[in-house]
> 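The structure is given below, and queries will be raised subsequently.
From a predicted model like this one, the values you see are computed outputs, not experimental measurements. Residue numbers begin at 1 in each chain, while the letters A, B, ... track the order of the sequences.
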2 protein chains.
Amino acid sequence: MSKKGKHVFNGKEYPCCASLTMGVIGGKWKTVILYHLKDEAKRYSQLRKEMPAVTERTLSLQLKTLEDDGIVKRKVYTTKPPLKVEYSLTKLGETLIPLIISIAEWGETASKT
Amino acid sequence: MSKKGKHVFNGKEYPCCASLTMGVIGGKWKTVILYHLKDEAKRYSQLRKEMPAVTERTLSLQLKTLEDDGIVKRKVYTTKPPLKVEYSLTKLGETLIPLIISIAEWGETASKT
DNA sequence: CTGTATCCAAAACGATACTG
DNA sequence: CAGTATCGTTTTGGATACAG
């Protein structure tokens, strides 16, 4: 019995290529995170400052999900506290930049209407 | 006390222009619906056939949400059963087409990796 | 044919305290 | 500094029966 999900990414099946993308960047915060990472690597604390509306827990979970999907990479610079950790886009993550920009632009235009 | 949500659409506030867009097209099914409507108007039953994985209830709810946001319009052609209802994109909805296509293309590429 | 009503399960998200 | 643990709330989606 073949499943209908013809589109597979990172072990997950999706019924449509559009829903695959949404599985990767969907949810309340992932596009916002990617938007803040699109130009440069940032530290965890810096992301927190730039996204005050997201909780530690959620930011942490979403970053981990993005890492699992190969969109974001995590680099640790110190072994002892205070820790320094930087997040940045992977090669695959960079292919999402035009999409993230389009998403942000549509939102900007729509909010002016 | 000013709220941080600077971006407003259809009465809802978002912390970032990217999240505004995701509020409109986010979720498991909305991009899929829009993908199927991008070229032509379709009847409810036809959408159901093309998206067998979504339930009646969810399809109905998501269409209504898209209608509320002014992305999709609903046109009724008969007054008595059997009803004929067609869904199509509004002008605002059409501005999302390039985005939907980009989203679908990224998903297609990613599923081949 | 085109939905709505009801009930339920799962996922996402938030608040807060605490740890390496 | 960079998270995790715990718990509760909200949102989302599914199954199914039924209605206009």
> Consider the side chain of A:Thr58, meaning its heavy atoms from C-beta on, and name the nucleotide among C:dC13, C:dT2, D:dA2 that approaches it most closely.
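That would be C:dC13.
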
> Can you tell me if B:Tyr44 touches the phosphate of C:dT4, counting only side-chain N or O atoms and a distance under 4.0 Å to OP1 or OP2?
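Result: no.
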
> Counting only side-chain heavy atoms from C-beta out, which of C:dC13, D:dT4, C:dT2 sits nearest to A:Trp29?
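Nearest listed nucleotide: C:dC13.
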
> Can you tell me if A:Thr58 and A:Trp29 form a side-chain donor-acceptor pair at under 3.5 Å?
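Checked: A:Thr58/A:Trp29 side chains show no N/O donor-acceptor pair below 3.5 Å.
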
> Report yes if a side-chain nitrogen or oxygen of A:Arg43 is closer than 4.0 Å to either non-bridging phosphate oxygen (OP1 or OP2) of D:dA2; otherwise report no.
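So the side-chain polar atoms of A:Arg43 do come within 4.0 Å of the phosphate oxygens OP1 or OP2 of D:dA2, strictly under.
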
> Measure from CG on A:Leu59 to P on C:dA15 and round the result to the nearest Å.
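Taking atom P of C:dA15 as the reference, CG of A:Leu59 is at 14 Å.
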
> OP1 or OP2 of C:dG3 versus the side-chain N and O atoms of B:Arg74: is any pair under 4.0 Å?
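Yes, within the criterion.
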
> Among C:dG20, D:dG20, D:dG14, which is the nearest nucleotide to the side chain of A:Leu83?
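Nucleotide nearest to A:Leu83's side chain: C:dG20.
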
> Whole angstrom is fine here: how far is it from NZ in B:Lys30 over to P in D:dT11?
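Distance check: B:Lys30 NZ to D:dT11 P gives 13 Å.
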
> For C:dT4 and B:Ser60 - does any side-chain N or O of the residue sit under 4.0 Å from the phosphate oxygens OP1/OP2?
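Yes, because at least one side-chain N or O of B:Ser60 sits under 4.0 Å from OP1 or OP2 of C:dT4.
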
> For the pair B:Asp69 (side chain) and B:Asn10 (backbone), establish whether a donor and an acceptor sit closer than 3.5 Å, ignoring hydrogens and angles.
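No; judged by distance alone, with no hydrogens or angles, the pair does not exist.
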
> Would you indicate what B:Gln62 reaches in the nucleic acid, counting non-hydrogen atoms under 4.0 angstrom: base, sugar-phosphate, or nothing?
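B:Gln62: backbone/sugar contact only, no base atoms under 4.0 Å.
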
> Heavy atoms under 4.0 Å, any strand shown: does A:Lys80 hit a base, just sugar-phosphate, or nothing?
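Nothing, no nucleic acid heavy atom in range.
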
> Salt bridge check, B:Lys42 against B:Glu50: does any charged N sit closer than 4.0 Å to a carboxylate O?
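So B:Glu50 pairs with B:Lys42 through a salt bridge.
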
> Between C:dG3 and B:Lys64, is there an OP1 or OP2 to side-chain N/O distance shorter than 4.0 Å?
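Result: no.
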
> Okay, side chain of B:Ser111, backbone of A:Phe9: is any donor-acceptor separation there less than 3.5 Å?
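Absent.
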
> Out of C:dT2, C:dT4, C:dG20, which has the shortest distance to the side chain of B:Glu56?
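The closest nucleotide is C:dT4.
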
> Is any side-chain N of the basic residue among B:Arg48 and B:Glu56 closer than 4.0 Å to the acidic one's carboxylate O?
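Here B:Arg48 pairs with B:Glu56 in a salt bridge, since their nearest N and O are under 4.0 Å apart.
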
> Side chain of B:Lys28 only, please: which of C:dC1, C:dG3, D:dG14 is the nearest?
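Among C:dC1, C:dG3, D:dG14, the one nearest the side chain of B:Lys28 is D:dG14.
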
> Could you tell me how far apart A:Gln46 (CD) and D:dA2 (C1') are, to the nearest whole angstrom?
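So the CD-C1' distance, A:Gln46 to D:dA2, works out to 14 Å.
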
> Below the 4.0 Å mark, does C:dG3 have OP1 or OP2 next to a side-chain nitrogen or oxygen of B:Tyr87?
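Yes, B:Tyr87 has a side-chain N/O under 4.0 Å of OP1/OP2 on C:dG3.
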
> Rounded to whole angstrom units, what separation is found between the CD1 atom of A:Ile33 and the C1' atom of D:dA2?
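Those two atoms, CD1 and C1', are 15 Å apart.
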
> Which is true for A:Tyr77 with a 4.0 Å heavy-atom rule: it touches a base, it touches only sugar-phosphate, or it touches nothing?
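It contacts nothing in the nucleic acid.
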
> Report the distance from atom CE of A:Met22 to atom P of D:dT12, rounded to the nearest whole Å.
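Answer to the nearest Å: 12 Å.
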
> Please confirm whether any donor atom in the side chain of B:Arg57 sits under 3.5 Å from an acceptor in the base of D:dG13, or the reverse.
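Such a pair is found, so the answer is yes.
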
> Starting at CG of A:Leu61 and ending at P of D:dT6, how long is that distance when rounded to a whole Å?
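The distance from CG of A:Leu61 to P of D:dT6 comes to 14 Å, rounded to the nearest Å.
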
> Heavy-atom distance under 4.5 Å between the side chains of B:Thr65 and B:Ile71, does that happen here?
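No, side chains not in contact.
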
> Can you measure A:Leu63 atom CG to D:dC1 atom C1' for me and round it to whole angstrom units?
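That distance rounds to 15 Å.
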
> Are OP1 or OP2 of D:dA2 and a side-chain N or O of A:Ser45 less than 4.0 angstrom apart?
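Yes, because at least one side-chain N or O of A:Ser45 sits under 4.0 Å from OP1 or OP2 of D:dA2.
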
